[in-house]
Structures are given as C-alpha cells and as structure tokens.
Amino acid sequence: MKVRCCIVGGGPAGMMLGYLLGRAGIDVVVLEKHADFFRDFRGDTVHSSTLEVMDELGLIDGFLKLPHQRLQKMDGLFGGTPVRIADLSRLHTKYPFIAFMPQWDFLNFLREAGRRFPSLEVMMSTEAIELIRRGETIAGVRAKTPDGIIDIEADLTIACDGRHSTVRERAGLSVEEIGAPMDVLWFRAGRTPEETENVFARVEPGKMMITFDRGDYWQCAYVIAKGQYDAVKARGLSALLDDVVRMAPILRSGIAEVKSFDDVKLLTVAINRLTRWTQPGLLCIGDAAHAMSPIGGVGVNLAVQDAVATANLLAHKLQHGCPSEHELDAIRRRRAFPVKMTQAMQVVVQNNIISGALQGGDRPLKVPLVVRLITALPWLQGIPARLLALGVRPEHVHLRAAPQS
C-alpha cells in the first residue's frame with residue numbers, strides 16, 4: 001500500500017488532520033489500533049477554538065446537534081469559600097462556551113463527515129508496530145491488522161498516537177519531562193434530572209475534585225498526589241467514596257454506581273514535550289509531541305490546533321512528495337510557543353494551587369490572592385476564560401477544499 005501521508009493514531013489530532021488533508025485531495029490514510037473510538041478516560045472538553053474550526057469547515061450545525069452540555073461560568077469551592085474561576089460569556093467569540101461531548105462522538109463525527117472524500121481512508125483495528133526506513137528517511141510503517149501484517153509506504157508519516165507514542169519511541173526522539181505532582185481518578189456517578197449544581201471544582205486540605213454535569217450522570221475527576229494510587233486502594237473503596245461524598249454531597253445517591261475499583265480509571269498525569277518533532281519523512285504532533293496536564297481540559301484543543309497548522313503549512317507541499325525536514329520543522333516553530341505557554345500556565349496552577357492543596361495538614365485552606373481577585377472583579381474573569389477557551393494564538397483553517405467529483 002502506498003500513500004502520500006500515513007497518520008498513525010485516530011485521536012483528535014489524527015482524525016482532524018486526516019479530515020483536512022482528505023478535504024484538500026491529499027491521498028491519506030489514518031491508522032487507529034482499536035476497533036472503535038470508545039475510551040472512557042479520553043478528554044471530552046471541546047473549547048471555543050475547536051468550535052470555530054468546525055464552523056470554518058462548515059460542520060458546526062451537525063456537530064452541535066450531537067448530545068452535549070455547555071459550560072460558560074466555572075465556579076468552585078476553595079476550602080468552602082465560593083470562587084469564580086472564569087466566565088466565558090465575556091468572550092467576544094461566536095461560540096462563548098465549552099461543549100462537553102464524549103470524545104468518541106467527536107471522532108465518529110469526523111470519520112463520518114470524511115467519508116465523502118475519496119482520498120481519505122480510516123483503517124480501524126490497525127496498529128503501527130514498526131517504522132519502514134530507507135537509509136535515514138522514514139518511508140512509512142509496518143502495521144498489524146486483523147488480516148495480518150502489512151506495509152504502508154508513505155511520503156510522510158505523522159505520529160498522532162498519543163503520549164505513549166509507538167512511532168515516537170521507534171524513531172528514538174527524546175522527550176523533555178516537565179513533571180506533574182498529581183494523578184487523577186476518573187469515574188462517573190449517576191444523576192437524576194432534579195440534581196443540579198454549578199460547582200465545577202472543589203479544593204479542600206489534602207483533596208481536590210472536579211465534577212462535570214453530563215446530563216444523566218456526573219463525570220468526576222478525583223485528584224490524588226503523584227504515585228498515591230496504591231495507597232488509595234489500600235484504604236479501600238468505601239473510604240474513597242466517603243471522601244467524595246463529603247466533598248460533593250450531590251453525588252450521594254449516584255455514587256452507588258461505583259461498585260469496585262474496576263469502575264475507577266487511573267489517569268497518570270504527565271507534562272512533557274519533544275525537543276525535536278521531526279526526522280526526515282516523519283512529524284509528531286498532538287500528545288505525541290507534547291503531553292498536557294488535564295488542567296483546563298486543553299489537550300484535545302491543542303491537538304486540533306496542531307492538526308490545523310499542519311494542514312495549512314504542509315498540504316500543498318505534500319502534493320509534490322515529502323516536504324523537507326526544514327519544512328516539516330515549520331510545525332514545531334509555529335506551535336512550540338502556544339505549547340510552552342500553555343504548559344507554563346499549567347505548571348503555575350499545579351505548583352501554586354494543586355500542590356499546596358494536596359499537602360493537606362490542619363491549617364485552613366486560603367483562597368490564593370489571584371483567585372480572590374478574579375472572583376471579586378468580574379471583568380477579570382474574561383482573562384482566564386480566553387486562555388481556556390481560545391488558547392494562545394489559535395489556528396484557523398486556510399486550506400481550501402479540493403473540488404469533489
């Protein structure tokens with residue numbers, strides 16, 4: 001099999017890039033190792049920047065018909081004190097909200113929308129296991145399929161296979177670890193129609209939890225200190241759930257749906273980035289190039305932004321073969337600043353808020369000065385809202401669609 005571009009990984013970066021290149025008439029295949037997109041721990045916050053991209057592609061009307069919830073005001077309890085973290089209604093943007101949508105719905109939507117492009121193929125249950133090399137150049141991948149091993153030759157291979165990227169590891173690209181002080185326990189609790197609450201984040205001495213209203217259930221993220229999962233399990237499930245209900249009494253009735261630790265997924269948090277995103281014939285983007293903390297739920301949206309920038313800068317060059325490594329490195333030069341700035345902001349939050357909260361102790365938890373100011377001065381609430389919803393230097397679709405026969 002021979003294609004212009006082989007994208008490894010069917011997450012937000014891979015599916016969006018596949019759609020954009022297929023739309024532009026580039027011969028492209030996307031490899032997804034699983035049989036479907038269903039992954040309960042995947043991020044499902046679709047921010048304003050991604051909604052604008054969907055609008056620019058003419059997909060927004062159908063996209064927003066999918067089941068989703070909308071969040072504008074991000075409220076929390078910090079040591080029992082009500083705070084407001086951000087207010088997206090203050091943004092001058094077409095979509096001043098965050099849409100909560102299961103990531104599998106997002107990815108399925110892109111796959112279905114892309115079926116009309118004859119140059120795009122999505123291969124499910126197809127796992128890249130090795131790189132094909134011609135001298136110093138990556139010339140495609142060897143992949144495992146239900147029918148056996150196949151070779152997919154490609155002018156350009158793009159790794160979108162996440163923070164544990166096989167392609168990145170096979171290429172020997174080095175990762176700069178920045179570190180994170182926490183991990184996250186991810187679970188859901190039942191919700192009845194009369195149960196409503198606007199509290200998004202709860203922070204208490206030694207504990208932190210995020211809750212998302214997902215319509216018929218609460219999606220919960222319980223934050224623990226890095227490496228403490230075994231200690232949490234040793235205390236037992238009932239002790240964990242007691243802590244959860246004390247922090248969020250609204251979960252009392254629905255928490256019975258968590259019957260064992262099998263219902264609790266451990267998300268190991270990492271913040272890192274590649275020092276080099278390319279080799280001849282190879283480019284890494286999304287989590288394969290830079291793993292983000294779940295702080296702010298920005299990972300999906302940065303991946304989409306990477307995909308848009310990649311399509312904008314490389315699609316025309318791909319029509320004539322593989323871009324040079326200098327041309328491939330234009331993606332890193334374009335996207336490194338937004339990535340570093342976003343990671344820096346995540347580090348500030350984790351070092352100044354989360355680390356202190358997770359230390360616990362007997363002292364009352366004080367609301368940080370910056371959070372007190374944002375809560376007291378509503379006009380300031382648009383600043384974190386903009387950073388969350390639009391990010392640093394958002395990308396826009398400049399690549400035109402190829403005529404469809």
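Positions are given from 1, in the same order as the sequence printed here. Note that the structure is a prediction, hence the values are computed from the model and not measured.
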Legend entry - Sub-4.5 Å side-chain heavy-atom contact between Gln219 and Ile210: no
Inset, instruction - Begin with the C-alpha distance, continue with both residues' side-chain angles, and end with the deciding distance and a verdict on salt bridge (charged side-chain N to carboxylate O under 4.0 Å, His left out) for Lys233 and Asp230. - result: CA-CA 5 Å; Lys233 287 189 72 174; Asp230 288 341; over 6 Å; no
Going by an N to O cut-off under 4.0 Å, is there a salt bridge joining [X] and [Y]?
X	Y	value
Arg235	Asp243	yes
Arg170	Glu130	yes
Glu325	Arg276	yes
Glu204	Lys207	no
Asp155	Arg4	yes
Arg333	Asp329	yes

Using every non-hydrogen atom in the two residues, find where [X] and [Y] come nearest and quote the distance to one decimal.
X	Y	value
Gly281	Leu328	N-CD1, 4.1 Å
Gly22	Val28	N-CG1, 3.8 Å
Thr126	Ala143	CG2-CB, 3.7 Å
Ala24	Leu399	CB-CD2, 3.6 Å
Ala402	Gly25	CB-N, 3.8 Å

Inset, instruction - Pick out which of Gln343, His290, Glu177 makes a side chain to side chain donor-acceptor pair (under 3.5 Å) with Arg273. - result: Gln343
Within the side chain of [X], is there an N or O that forms a donor-acceptor pair under 3.5 Å with the backbone of [Y]?
X	Y	answer
Asp161	Thr166	yes
Ser48	Tyr95	yes
Asn301	Thr45	yes
Glu127	Lys33	no
Asp75	Ile85	no
Arg191	Asp216	no
Gln72	Pro96	yes
Asn312	His396	yes
Arg168	Arg163	yes
His68	Leu66	yes

Legend entry - Phe117 six-ring centre to Arg23 NZ/CZ under 6.0 Å and within 45° of normal: no
Legend entry - Phe187 six-ring centre to Lys265 NZ/CZ under 6.0 Å and within 45° of normal: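 Pair Lys265/Phe187 does not count as cation-pi.
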Legend entry - Partner set under side-chain hydrogen bond (donor to acceptor under 3.5 Å, both in side chains) for Arg214, not counting sequence neighbours: Asp44, Gln69
Inset, instruction - Could you walk me through whether Glu176 and Lys340 pass the salt bridge (charged side-chain N to carboxylate O under 4.0 Å, His left out) test, one step at a time? - result: CA-CA 12 Å; Glu176 176 189 356; Lys340 289 180 179 179; over 6 Å; no
Inset, instruction - Would you confirm whether the ring centroid of Phe200 sits within less than 6.0 angstrom of the ring centroid of Phe212? - result: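 Yes: the rings meet the under 6.0 Å criterion.
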What do you reckon, is [atom1] of [X] surrounded by more than 12 foreign heavy atoms closer than 6.0 Å?
X	atom1	answer
Lys226	NZ	yes
Arg386	CZ	no
Arg400	CZ	no

